[in-house]
Amino acid sequence: MRIHFLGTGSSAGTPVIGCDCPVCSSGDAHNQRSRASIFVENEDTGILIDTGPDLRTQLLRAGVRKVDAVFYTHFHADHINGIDDLRALNFLNKRVIPCFADERTAAELEARFRYCFLPPDPGWAKPSLSMTTITSAQRLGSLELLPIPVLHGNLPIYGYRFGAAAYLTDLKTIPEASYALLRDLDLLILDCLREEEHPTHVNLQEALAIAARIGARQTLLTHMTHDLDFYQLQASLPPGIAPAYDGLIWEA
Ligand SMILES: [Zn+2]
Ligand SMILES: [Zn+2]
Ligand SMILES: [Zn+2]
């Protein structure tokens, strides 16, 4: 299994438009973060998690030519607004792309992007997607994705576990029942917004506490704002924990 970190940034991305802070002006690739998303693949199957506003450049950079399904974490703009870029994959592979999400996210997507869920366009002139509401594990080819309920402030959203790896972005708390689904992980990919507290995201201190409790063999932090300099953060973290960066590929 291979995990491509397509984007590791927060909703504004880094650099932030109009910001002259040291991270935004560093010019270093590790401090240039597009909106959070990953692509998970093995020999036969490729799964995209979320379709943020940077999707086109992310898929080009990772060389993705086929997406067998999209799993959505939630309906915030930084996780869905690149949905139109799926059209290129419809066109390339001549097939409808199945999408999976919780009930609220499915309803929001179908309302905001109704044209994507109509019967397929004969010339693939618009995205052609299907939507399935899920509450349990889904198997696609040889990959199985298990939804992990987490709380993004008060909003219940999904993280996903696939094999011995899990992706938990945009969260403030993890319900007890979900901790039970996160045992024996080789890799935990975890929200870590910034140093300062935030009502709907974990900050660095909270992320470290969650990472310690889950105890994955490796934890990679994502959804970071420009408050976090990659190198300073990397140097400050305990063994087994590191910041992710756009373009990172993790291989099991
Ligand atoms: Zn987000
Ligand atoms: Zn900045
Ligand atoms: Zn969010």
Side-chain angles (χ1 to χ4, degrees), residues 3-39 48-55 57-58 70-83 85 99-109 111-113 147-160 166-175 178 188-204 206-207 210 220-234 243-246:
I3 300 172
H4 298 258
F5 287 78
L6 301 179
T8 58
S10 64
S11 57
T14 305
V16 175
I17 293 170
C19 183
D20 299 316
C21 81
V23 174
C24 287
S25 48
S26 82
D28 190 285
H30 290 78
N31 277 329
Q32 302 197 341
R33 302 179 179 120
S34 61
R35 268 58 74 91
S37 176
I38 57 168
F39 180 67
L48 179 63
I49 302 191
D50 291 336
T51 56
D54 301 308
L55 188 61
T57 46
Q58 292 172 336
V70 181
F71 283 74
Y72 283 97
T73 60
H74 65 305
F75 56 85
H76 286 161
D78 56 323
H79 297 262
I80 67 172
N81 276 5
I83 196 168
D85 290 336
C99 298
F100 300 87
D102 67 17
E103 200 177 343
R104 171 88 191 270
T105 301
E108 293 279 354
L109 283 163
R112 295 188 207 180
F113 303 104
I148 309 285
V150 296
L151 286 167
H152 185 14
N154 293 323
L155 180 71
I157 74 161
Y158 279 164
Y160 290 100
Y167 182 67
L168 306 181
T169 187
D170 292 55
L171 67 92
K172 182 69 175 176
T173 46
I174 301 178
S178 293
L188 171 65
I189 304 162
L190 183 62
D191 188 10
C192 178
L193 191 70
R194 60 188 190 190
E195 300 234 17
E196 209 184 311
E197 273 195 46
H198 189 278
T200 63
H201 288 268
V202 290
N203 66 358
L204 175 58
E206 293 164 316
I210 288 173
L220 292 170
L221 305 175
T222 191
H223 209 286
M224 295 166 281
T225 73
H226 64 149
D227 290 342
L228 297 172
D229 172 75
F230 177 84
Y231 298 98
Q232 283 175 18
L233 178 59
Q234 187 182 45
Y245 54 90
D246 286 29

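Counting starts at 1 for both ligands and their atoms, following the listed order. Because the structure is a prediction, the values reported are computed rather than measured.
A side-chain N or O of Asp28 and one of His30 form a donor-acceptor pair less than 3.5 Å apart. Under the 3.5 Å distance criterion, with hydrogens and angles disregarded, a donor-acceptor pair is assigned to the side chains of His74 and Asp170. Ser25 and Asp20 share no donor-acceptor pair across their side chains, judged by distance under 3.5 Å alone. In summary, the side chains of Asp246 and Ser34 do present a donor paired with an acceptor at a separation below 3.5 Å, with no hydrogens or angles considered.
His198 contributes a side-chain N or O that, together with a main-chain N or O of Thr200, makes up a donor-acceptor pair within less than 3.5 Å. At distances below 3.5 Å, at least one donor-acceptor pair connects side-chain atoms of Thr57 with backbone N or O atoms of Asp54.
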List the atom pairs, donor and acceptor, that lie under 3.5 Å between side-chain atoms in residues 153-160 and the rest of the protein, sequence neighbours left out.
from	atom 1	to	atom 2	distance (Å)
Tyr158	OH	Ile134	O	2.6
Tyr160	OH	Tyr72	O	2.7

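For the pair SG of Cys24 and SG of Cys21, the angle at the Zn ion (ligand 2) is about 110°; rounding is to 10 degrees.
Tally of protein N, O or S atoms closer to the Zn ion (ligand 1) than 2.8 Å: 4.
Closest to the Zn ion (ligand 2) among the N, O or S atoms of His226 is ND1.
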